[in-house]
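Numbers restart at 1 for each chain; the letters A, B, ... are given by sequence-line order, proteins then strands. Everything quoted here is computed from the prediction, not taken from an experiment.
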Number of protein chains: 2
Amino acid sequence: MNIGEIARLAGVSRSTVSYALTGRRAVSDKTRKRIERVIAESGYRPNASARALKEGRTRTLGLVIPPASRALTDMQLGFVASVVEAAARVDLDVLLSPSGGDHDRSFERLVTGQRVDGVIVMEIRLEDARVARLQQTRIPFVTIGRTAQPDSLSWVDVDYAHLIGRCVHHLADLGHRHIALINRSQELVASGYGPGHRALAGFTEAITERGISGMSLCCADDAPAGHAATRRLLAEHPDVTAIATINEAALRGVQRALDNAGLRIPRDFSVTGVVAQHWAEDFHPPLTAADVPAHDMGSRAVELLLERIAEPESAARHVLLSPPIALRSSTGPARSG
Amino acid sequence: MNIGEIARLAGVSRSTVSYALTGRRAVSDKTRKRIERVIAESGYRPNASARALKEGRTRTLGLVIPPASRALTDMQLGFVASVVEAAARVDLDVLLSPSGGDHDRSFERLVTGQRVDGVIVMEIRLEDARVARLQQTRIPFVTIGRTAQPDSLSWVDVDYAHLIGRCVHHLADLGHRHIALINRSQELVASGYGPGHRALAGFTEAITERGISGMSLCCADDAPAGHAATRRLLAEHPDVTAIATINEAALRGVQRALDNAGLRIPRDFSVTGVVAQHWAEDFHPPLTAADVPAHDMGSRAVELLLERIAEPESAARHVLLSPPIALRSSTGPARSG
DNA sequence: TTGTAAGCGTTATCAA
DNA sequence: TTGATAACGCTTACAA
């Protein structure tokens, strides 16, 4: 079933069917009705490949995700879901590419095969081979997260530096003088993962500004690692009375370790950070934290990408989100003594 | 940059370039070398739409996921990741469609726009409008999960009935005489969610077989709901000494409620079920459970789909997975008295 | 071993 | 208001 068949059944030419379908040329009511009836009866829908070939656009966006081998975090999942949903709202489809470094076949198909009109890349490193590759091509793209040289690119990111800084100030205001930052995993930070670096920078700056003592440690993205890291922290730095973290997956382990040490939250110990709302609310007691607006980020990314597709030569735009810290129940005055 | 341009630069015809690219016809070493050099220099890659139009296949699979409004569970995420990765291994791309019921534009594009060579649908209901729609079309498809009439369809599923039955037998062997099943949410079960129904069926059958007492309850997919459900359970059914569950997201709440009630696992109370390995290992103590092989399921689904695409008329195939129950530390002899 | 040309299903230009 | 027809970029008979 193709457009010629519909034209034959409706007794008109192929172009008339096409125009009736797209509305790009006036078609008399009578013939449009007839065409619509035939289409409804036959269940015809235009062939996407033919249309893409002719129009020079695919009505499809590419989304580059971390390879499945590295399990996606809750937050990354939130991005994927929100990107897909935002795209669907404007009748765009989303092609997924699980690509880590460079030289990935699926990634190459995406960027050079004219399969998509634009690309969204997530889990950006400060130096990112995929971004470099995309810049070589002419394809419009937007990143979730930003590289070390972000000015010329369109991106949406969370202001980890600022937010972790605010967490530190909040804790300092409550009288805490020894604060620990629990960062993401060693490898991730070592590989130039932006949020890890920027969180540390914001932490250090705020600690310095307040003239208090801070220490930071890396921790793998799971509960057992959080448990181990916190235990070690309590043992080696007994004067620490508060934790700020961007590692949501470690939270459960952090909680268990504090529990086991007989420390009650927030009476004996405070915990705060930047994590998905989901995790903040599941914490016990609910975590005072800046909720990463994953859903918002996905739709903003789609928005920016559509702009770049529409006007490839327009100036790059940035969205740096800084959600408010939701005051819940996991932070309190520092235990005196 | 298109194939004609390459042909011109290499001083050959377009067909020769095409043959050099696909290898479907012999090309002399000398001209192939020349063509390859030109291609490498120009960064040319064939236009995917043109190729799809001509060949009648898109080298793309569709994956229908639940709409983002309903947050994806960890397990669903595992399916998505494994499907995408399995597809990438055989150089296939994956188009995502977030579709709930019927009449979804993105879903319609997928099934009737010839955008994909085949479709994988997840989160299947016993009566599923999407499956019905797919059956009307000629497009090959595979489901993760199965409907009430699964014989004629290709699917991969977990044998929840059998596995929950085995959990019950395991608990009964340990002397438990009053066991509760914590199911998924009321709405999900009411809407005909297969695992919910089959888990209950397997539970009931095993309970009957062992002549012991069982009770089942629904519970929303989050920790607070698990907490509330377990509290109520303990209050209203004080003789229950063990829980079997398929609701991984509720586990943390279950744990907290048992904790608060002063019940130690496994000394005072046993917990087991069918959940993603991730959750079982994060439980404290590690959960004796059948680990849902999400990763395996995704690649099996791709495998079955490729078969159906290659031979649309071949008989439907089913994969019913029944992973072993991993004996960890959350089940023990029933407290006597 | 290579080239010519038809055709995949659209859209859009040019006529009528 | 509509129709014929030429692309879009590719693959693949059919010739040479």
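Remark: B/Asn47 is not in phosphate contact with D/dG9, judged by side-chain N or O atoms under 4.0 Å from OP1 or OP2. Contact check, B/Arg14 against D/dG9: no side-chain N or O comes under 4.0 Å of OP1 or OP2. Proximity of B/Thr16 to the phosphate of C/dG3: a side-chain N or O atom is located under 4.0 Å from OP1 or OP2. Distances shorter than 4.0 Å separate some side-chain N or O of B/Ser28 from OP1 or OP2 on C/dT2. The side chain of B/Thr31 places an N or O atom within less than 4.0 Å of a non-bridging phosphate oxygen (OP1 or OP2) of C/dT2. OP1 or OP2 of D/dC10 sits under 4.0 Å from a side-chain N or O of B/Tyr44. In this model, the phosphate group of C/dA12 is not approached by any side-chain N or O of A/Ser15 to a distance below 4.0 Å at OP1 or OP2.
When the P atom of C/dG9 is taken as reference, atom CG of A/Leu21 falls 16 Å away, rounded to whole Å. Note: CD1 (A/Ile3) to P (D/dG3) measures 12 Å, nearest angstrom. Straight-line distance from the CD1 atom of A/Ile35 to the P atom of D/dT2: 8 Å, rounded to whole Å. The distance from atom NZ of A/Lys54 to atom P of D/dA7 is 9 Å, rounded to the nearest whole Å. Summarising the geometry, the separation between CZ on A/Arg25 and P on D/dG3 is reported as 8 Å, rounded to the nearest angstrom.
Judged purely by atom type and a 3.5 angstrom limit, A/Thr16 has no side-chain atom pairing as donor or acceptor with the backbone of A/Arg14.
Using a cut-off of 4.0 Å between Lys/Arg side-chain N and Asp/Glu carboxylate O, A/Arg57 and A/Asp117 are scored as not salt-bridged. One finds no salt bridge joining A/Arg130 and A/Asp104 here, because no Lys/Arg side-chain nitrogen approaches an Asp/Glu carboxylate oxygen to under 4.0 Å. One finds a salt bridge joining A/Arg105 and B/Asp91 here, because a Lys/Arg side-chain nitrogen approaches an Asp/Glu carboxylate oxygen to under 4.0 Å.
Of the two residues contacting DNA chain C, namely B/Ala50 and B/Arg34, the nearest-nucleotide position lying further toward the 5' end is that of B/Arg34. Between A/Lys30 and A/Leu53, the one whose closest nucleotide on DNA chain D sits nearer the 5' end is A/Lys30. Residue order along DNA chain C, read from the 5' end via each residue's closest nucleotide, puts B/Asp29 first among B/Asp29 and B/Glu55.
Contact record, B/Ile139 with B/Val111: CD1-O, 4.2 Å, taken as the closest heavy-atom pair.
The residue A/Ser49 sits apart from the nucleic acid: no heavy atom pair falls under 4.0 Å. Within the nucleic acid shown, A/Gly11 comes within 4.0 Å of sugar-phosphate atoms alone, with no base atom in reach, counting heavy atoms only.
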